[in-house]
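First the proteins, then the strands, lettered A, B, ... as listed; each starts at 1.
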Amino acid sequence: MIGILLPSLVDGLLLGFVYGLAAMGLSLIWGVMNVINLSHGPIIAMGMFGVYLLFSQIGMNPYLALIVVALAGLLAGVLIYAVAVHRVINAPHLSTLLATFSVNMILIGVGTAIFTVTPYNVDFSLGSVSLGPLQLLGTRLAAAVIACLVTGLLYLFLARTRQGKHIRAVANNRVAAELMGIPSARALALSFGLGTMLAAIAGGLIATFFPFTVLSGGGYELRSFVIVVLGGLGNPLGALFGGLILGTLEGVIPVFMETTWVPVLEFVLFVLLILLRPSGLLARRV
Amino acid sequence: MRRVSSSVLALLMMFALVLGACAPAPTVAPETQPEEPAPAPEEEQPAEEQPAEQAIELTETSLLLGYTASLTGSQNVSSSRQDNGLQLWIDHLNAMDGFQVGNEMVTFDTVSYDDESSSERVQELYTRLATEDNADFLISPYSSGLTAASSVIAEQYGKVMITTGAASDSTYKLGYTGVYQTYTPASSYLTGALDLLQHVDSAVTRVAFVHENDQFSTDVVTAAKDYAETLGYEVVLFEGYDSGTTDFGSFINKIEAAQPDALLGGGHFQDGSTFARQLYEKQIDLAFVTLLVAPPEPDFAELGEAAAGIIGPSQWEPLAQFTEESAAEAGLEWFGPSGEEFVADYIAKYDEEPSYHSAGGYAAGLILQKAIMDAGSYDPEAVKAALDAMDILTFYGRIKFDTSPEAHGLQIGHSMVYIQWQDIDDLHKEVVWPLEGMTADTVYPIP
């Protein structure tokens, strides 16, 4: 049993880092502005297609392409915030939900028109590494390392830079932050941009090892909701922790039962957490 | 109150307009309605070649052939090739101005839609084909699941449908009377692979089955598992994965733990090629791997080294040798073009080698054409009777249908061949089974 449990656990953990990165974007946006971003899924898919296009059209290394995708994700987030979210930021939650859902539908519609729902694949391999009984895929190892790196950089940005401190101040008390002269609109736009940037990077990383379609982001968006609740609403580091838990579950559950049961157990866990610990395992704001 | 009524009316009109705008547009609109056959132009009348007393004035009749293709979605690759094959048959038919049925020269117009690889869309669209487009005959979509969805509609509206790209047995065991299968049934799909395994290494005892959890793949592996057990193999793993699975890590870990000598399974092109790629990346020690559907596709070669050694069952291969001579030897009637003609015309039109999906699409058209010719009529009942009596050899292989009430329309004449991708430096397909059709020895174990 250990012979199958250990590789499954490690595979799940490696995948969990990327899940956590994707969920971190959702968590950051919720933590700063109390907005549930329903355009999260298509943005993950945009990240996948960004890496795919740069790799297949101009032959750019997928990991270099991630830098371009990250910048594009940041700009797209700021744009989405300015166009769809800013005017309804103080309205009831339903307004922001509908606004981001509209963006979701627009992105899926445009994506389907351009790429159809046909699967695509980034044909790139980093080989594999043997560690005793473990056979670790290079692309998954690289994805886990990059996810940790991005998490570290985000933490440094929020803790050490003026813009990061502005975001944290706005997240704690927007009115007080504005009274202290902090431009809250800019901080909110930057937060939304950072959230979409994280989603796009996660999408780009996933594209290096799994095939994808325009609709693939939906599954990762659903997982992100579970992870955000698991890790604690509004806590980006908690999201990474939640991602690791979910990835581990996805790796280990199939050892004991058919994979069809994985989503069943994931969402049972989701309901139990909402009932027993609605603030999540690591509830803390940005 | 009047203002409210006007608003409601305006809203309803807008809704109707939106619905109208959302309605799918056929990719090819029929130019001629079958109910109103156009009179044949005088210059096409062959009267001068006939004795005066037997002069027949041929009229032109255009029948409408309806079908859907998965231009988008997970079945896109195989379905597009099937559509290409069918279109080539239409081209050939048009090039010879149709075929004669009584006093009529019959040609086909087509009406087709993109089913987006979705069963729900297939049911909507085949209902539309049967009721609004009034298609005379139907061709199935690609894949067993989509074909099962379309078969219900075809039977409900009394349309004769030739299925292709659909190997599942279960569709033909539901009592349908107008649905006829072109492919070798799923129950015979992998049995030859087990015979091949026994042929190349009689010492092998442990086999694993990992398959897509859809109707077709489940039918295939269930039959293959039973067959494996009758051959004395120990089935050390038998597990399904959901359609659309992209991460095979957990299955590969289970395969590694179960330590089989051979792996059989897969499902369709996308999951099969992803599975093969991840098996290669994880460097799993398997001597023999046979996957459904994906390996015979020319695009499978894009996997490079990951494709080498993988075996796949194929309904047809360009190397297959079905000829007029072999028909005569078997005492069968030959019908349609030779394999060489089909391959050459296909390459000329699409600039790629045809896969068995392409050949299946073409063969479905040929079967319908032959049935109408034999029936001497395009009345559905007469065509069904001709299909029931059919036993022919084409470039695609033998065609004969089960006529028992238990499995009416099931293909019982056609048989599979097995290909293997060989030679990493010059990756290419070889037919490795059956022995009488093989073009190279099986590379065993996988390098």
Side-chain angles (χ1 to χ4, degrees), chain A residues 1-12 14-15 18 48 112-113 115-121 123-130 133-140 206-207 209-216 218-220 247 249-263, chain B residues 70-80 114-118 121 210-213 237-259 268-285 299 301-307:
Chain A
M1 181 58 77
I2 195 77
I4 180 170
L5 194 58
L6 189 62
S8 299
L9 180 70
V10 173
D11 278 350
L14 290 179
L15 205 54
V18 185
M48 295 169 168
T112 306
F115 299 107
T116 73
V117 288
T118 299
Y120 290 81
N121 181 36
D123 190 14
F124 178 79
S125 173
L126 287 178
S128 56
V129 180
S130 293
L134 297 175
Q135 194 75 37
L136 304 176
L137 296 183
T139 46
R140 292 204 194 183
I206 292 165
F209 43 79
F210 293 154
F212 52 89
T213 72
V214 165
L215 305 176
S216 291
Y220 298 104
L249 286 174
E250 288 195 2
V252 171
I253 290 172
V255 175
F256 301 101
M257 55 188 77
E258 292 210 355
T259 46
T260 317
W261 289 99
V262 171
Chain B
S70 304
L71 302 181
T72 57
S74 59
Q75 310 295 359
N76 169 255
V77 173
S78 306
S79 181
S80 297
D114 176 13
D115 58 39
E116 299 165 18
S117 308
S118 151
R121 290 289 290 151
V210 175
H211 64 93
E212 188 182 351
N213 261 336
L237 180 68
F238 187 84
E239 194 162 328
Y241 56 81
D242 293 339
S243 298
T245 294
T246 53
D247 181 9
F248 289 90
S250 56
F251 297 99
I252 292 172
N253 290 333
K254 280 188 178 181
I255 292 166
E256 201 167 19
Q259 296 183 323
H268 289 86
F269 183 80
Q270 290 302 332
D271 53 290
S273 47
T274 305
F275 194 11
R277 180 185 174 193
Q278 291 181 15
L279 278 171
Y280 175 74
E281 286 175 338
K282 280 266 191 176
Q283 297 177 12
I284 301 300
D285 187 22
D299 288 353
E302 289 173 13
L303 291 179
E305 292 180 11

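- Take Ser125(A) and apply the side-chain contact (heavy atoms from CB on, under 4.5 Å) test, not counting sequence neighbours, and it matches Glu281(B).
- Per-residue counts of heavy-atom pairs under 4.5 Å with chain A were compared for Ser117(B), Gly73(B), Gly304(B), Gly240(B); the largest is that of Gly73(B).
- Proximity to chain B (any heavy atom under 4.5 Å) is shown, for Phe115(A), by neither the backbone nor the side chain.
- Proximity to chain B involves both the backbone and the side chain of Thr259(A), based on heavy atoms less than 4.5 angstrom apart.
- Near-neighbour residues of residues 244-254 of chain B relative to chain A, defined by a heavy atom under 4.5 Å from a heavy atom of that chain, comprise Thr246(B), Asp247(B), Gly249(B), Ser250(B), Phe251(B), Asn253(B), Lys254(B).
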Handout entry: Steps toward side-chain contact (heavy atoms from CB on, under 4.5 Å) verdict (Asp299(B), Phe269(B))
Key = CA-CA 9 Å; Asp299(B) 288 353; Phe269(B) 183 80; 3.7 Å; yes

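- Ser128(A) contributes atom OG, which lies 11.5 Å from atom CG of Leu134(A) (distance to the nearest 0.5 angstrom).
- Taken to the nearest 0.5 Å, the CD atom of Gln259(B) stands 12.5 Å off from the CG atom of Leu237(B).
- Among Glu302(B), Glu256(B), Gln278(B), Glu239(B), the residue with the largest count of heavy-atom pairs under 4.5 Å with chain A is Glu239(B).
- The choice from Gln283(B), Lys282(B), Gln270(B) that makes the most heavy-atom pairs within less than 4.5 Å of chain A is Lys282(B).
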Problem - Evaluation steps, side-chain hydrogen bond (donor to acceptor under 3.5 Å, both in side chains), between Asp115(B) and Ser70(B) - result: CA-CA 5 Å; Asp115(B) 58 39; Ser70(B) 304; 2.7 Å; yes

Practice task
Could you give me the CA-CA distance, side-chain angles and deciding distance for Val18(A) and Phe210(A), then say whether side-chain contact (heavy atoms from CB on, under 4.5 Å) is met?
Solution key: CA-CA 12 Å; Val18(A) 185; Phe210(A) 293 154; over 6 Å; no

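- Heavy atoms of Asp11(A) lying under 4.5 Å from chain B belong exclusively to its side chain.
- Between Arg277(B) and Asn121(A), the closest heavy-atom pair is NH1-OD1, 2.7 Å.
- Across all their heavy atoms, Gly251(A) and Val255(A) have their closest contact at O-CG2, 3.9 Å.
- For chain B, no part of Leu126(A) is nearby; none of its heavy atoms comes within less than 4.5 Å.
- Going from atom CZ of Phe238(B) over to atom NE2 of His211(B) covers 4.0 Å, rounded to the nearest 0.5 Å.
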